[in-house]
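The structure appears below as structure tokens.
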Amino acid sequence: MAAPTVLEIALPTPLRRRFDYLPPEGVDTTLLKPGQRVRVPFGNQRLIGLILRVKSESSLPLQNLRPAEALLDTKPLLPDDLWRLCLWAADYYQHPIGDALHTALPVLLRQGEPDREKGEPYWQLTTEGKGLPEGALKRAPRQAELLAALQQRGALNRADLAALGIARSHVKTLEDKGLVFSREQVLTPSPEPNILRDTPLTLSDEQAAALAQIPEDGFHISLLDGTTGSGKTEIYLQAIARTLSQGRQALVLVPEIGLTPQTLARFQRRFAQPVVALHSGMNDRERLDAWLQARDGRARIVIGTRSAIFTPMADLGILIVDEEHDSSFKQQDGFRYSARDLAALRAHRLNIPLILGSATPSLESLHNARTGRYHYLRLTHRAGNARAPELLTQDIRRQPLDEGFSRDTLERIRTTLDAGNQVLVFLNRRGYAPTLECPDCGWLAECRHCDTRLTLHQTPRHLHCHHCDHQRAVPRACPSCKSTRLQPLGQGTERSEEALQRHFPDTRVLRVDRDSTRQKNAFRDLVEEVHRGDPCILVGTQMLAKGHHFADVTLVVILDSDAGLFSTDFRGPERMGQLLLQVAGRAGRADKPGQVIIQTHHAEHPLVRTLLERGYHAFAELILSERRLTGLPPFRHMALIRAESKRPENAVAFLKQVRALAEQRHPPGHELGYLGPLPAMLEKRGDRFRYQLQVNAANRGALQKLLSQLAPEMEQHALAKRNRWSIDVDPQDMG
DNA sequence: AGCACGCCGACT
DNA sequence: GTCGGCGTGCTC
Ligand SMILES: [Zn+2]
Ligand SMILES: [Zn+2]
């Protein structure tokens, strides 16, 4: 008897197991390959899984195996290099393999859609439709009109229908009557011989030197460290041009917030070759089509956010990660991969160059540059003859503040507006005020479901928890003492907007935060208005800091620069510095030097002073030396095991046992250290109590080995079922 | 995670 | 009488 064929399948479940199935009935087993999708029965659901292995035995008796229902692909979905990268990442980030693979695929492929592009639909008459006598369908004039047009022209596409002014519903009716049928065709533009559309800018000596040090092929990681306006993008564009002329593709990753139509337009203006985007604003079909175009090589440049690191590329020749320090490159739930770190691995496996660019590189990357893993490239000059903005620290400890603004700040805002320039006010707190307080008894509006205060919003007026989305009406009287003198406590963007409007009644004050830009084109319209250049004040959150440059802004005011300085997250100060410089970088350009006012309560703090007096590199150096002493990343490696439960004791007990298991496997010492379980930064959130166990290691190997042993044991543990738990390798956010 | 089964409170 | 609350068990 011939050996049986058994399929080892990855299924989208949180179970850290692989499932064995028999091949679908009637399928030639020689056609079965790892990486193909199958539809399988699972309990009483049907799931889409991926073949991991085709083997001839199973640890289960064969009669217990169910046959797969269908084979969905004739070829593996992913090219081999990407397939292996996904498997590696599931392992490294300790995520169940089926779920990891599903996360890496476009939604429609997860759902079992064929890996084929949807073409442009067009309609033709069926035989029956053709046989219809002239003047038929008298009682349905629009349908008759459509029939006549089809009889005359043979076929109509969407544009034709629009031109004729015929709604799709009429076409649908005729389809249902069997008179018309639809087909689709994929439009394949003929390959474009030219690489460039616009002529490249002339590089400065510094830029040219940097580009010359980036090899055209072979594995190589460059950390391109250049201040705002120093022309990093031009280097990316010219490096991409070299790759395209070798006939290879480019993949560019940008932060969530940075993939604006302007970014895309800049690439499309420069290159004659097809550029596609992959971002959250696209629907599932658009994303799949772009993915397919990248895979078969029609798309030559792909620009995308985090998940685009999993785009299959027919012949990838260069990888670029812009704003590499941005935390959006690390997925914060489910499959917690770092797209930046995976980019490094992908470049290594493909033997191609990777450029990591930032004005404020992450400490990890600076460390890697220092130890020689990355090639360090520095751009210090701003393009043209632009000068760096002037930084002014304002110690606000003993100054009277008017709604958060010092007198001097207001004075400078006025001067700037009078000179016909624009002002940007940065406050990383949306809403009207961080909370509502009762001055008579000290009551504060707290969230019922979280350990946090409710934020007061005025447009529309309500109290809102930013952590669990809980909302409630604003009470008229204090729930505790019935006082009616409830008042907002602290400053949010809405309140700053109101205060600025009161001080400058004749000036446009524009608020930019998630609330004010919720409507579809709100942000675009606002950007357009600001670009017209009339004096105005922009007030907003980090939405203002990232992506957009406003050329007529000559004064930037940073109101709450200290947030993050005393955070329990060890990355708080690093992020504060990066955000601060990013905001500061919005000020001024060639012909208009900029000014940045930093209002701070901690003007004497060594980190603040270092950052403002000696710059980001000295600041980074200072933090790195602290990290070395305290044994934090990048000097030691870290994983966070989190657990949350409605009953706090469940989470604590589970993590205590996990720690015991871990210490059994590997006693604490230099190689591996354990800390916790400790309450998370927000201990209670959405009615769940959150705790975490920190594991730190001298090297990745030891951490990896421990976690790989621990994960299956945790899954088996009785207490695991009473908790939601996860493992976060290289955590970005300690919350 | 889903999704079943299963056994006790307040509804048509 | 049943609709539905979520406890626990299983998925090749
Ligand atoms: Zn009160
Ligand atoms: Zn809440």
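No experiment lies behind these values; they were computed from the predicted model shown. In what follows, chains are A, B, ... by sequence order, proteins preceding strands, each numbered from 1.
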Starting at the 5' end of nucleotides 1-8 of chain B, put B wherever the base has a protein heavy atom under 4.0 Å, S where only the sugar-phosphate does, and a dash everywhere else. BSSS----
Within this structure, what is the CD1-to-P distance between A/Ile9 and C/dT11, rounded to whole angstrom? 17 Å
Result for side-chain hydrogen bond (donor to acceptor under 3.5 Å, both in side chains) between A/Asp728 and one of A/Lys330, A/Gln331, A/Gln94, A/Gln332 points to A/Lys330
Can you check whether A/Ser365 reaches A/Glu324 side chain to side chain, under 4.5 Å on heavy atoms? yes
A/Phe335 and A/His95 aromatic ring geometry - parallel, tilted or perpendicular at 30°/60° bounds: parallel
Among A/Asn696, A/Leu703, A/Asn699, which one satisfies side chain to side chain contact (heavy atoms under 4.5 Å, CB included) with A/Arg636? A/Asn696
Using the ring of each side chain (for Trp, its six-membered ring), is A/Trp88 parallel, tilted or perpendicular to A/Tyr92, with breaks at 30° and 60°? parallel
Can you list, in residue-number order, the parts of residues 20-33 of chain A that come under 4.0 Å of DNA chain C, counting heavy atoms only? A/Asp20, A/Tyr21
Taking atom C1' of C/dT11 as reference, at what distance in whole Å does atom CZ of A/Arg18 sit? 17 Å
Gap between atoms CD1 and C1', on A/Ile97 and C/dC12 respectively (whole Å): 15 Å
Write down the distance between CG (A/Leu47) and C1' (C/dT11), rounded to a whole number of angstrom. 9 Å
How many whole angstroms separate atom CD1 of A/Ile48 from atom P of C/dC12? 15 Å
State, yes or no, whether a side-chain contact exists between A/Leu87 and A/Leu101 at a heavy-atom distance under 4.5 Å. yes
Quick one: are A/Cys465 and A/Thr452 in side-chain contact, heavy atoms under 4.5 Å? yes
d(CD, A/Glu715; C1', C/dC10) in whole Å: 13 Å
Neighbour count >12 (heavy atoms, 6.0 Å) for atom NZ, A/Lys656: no
When rounded to whole Å, the CG to P distance for the pair A/Leu11 and C/dC12 reads 9 Å
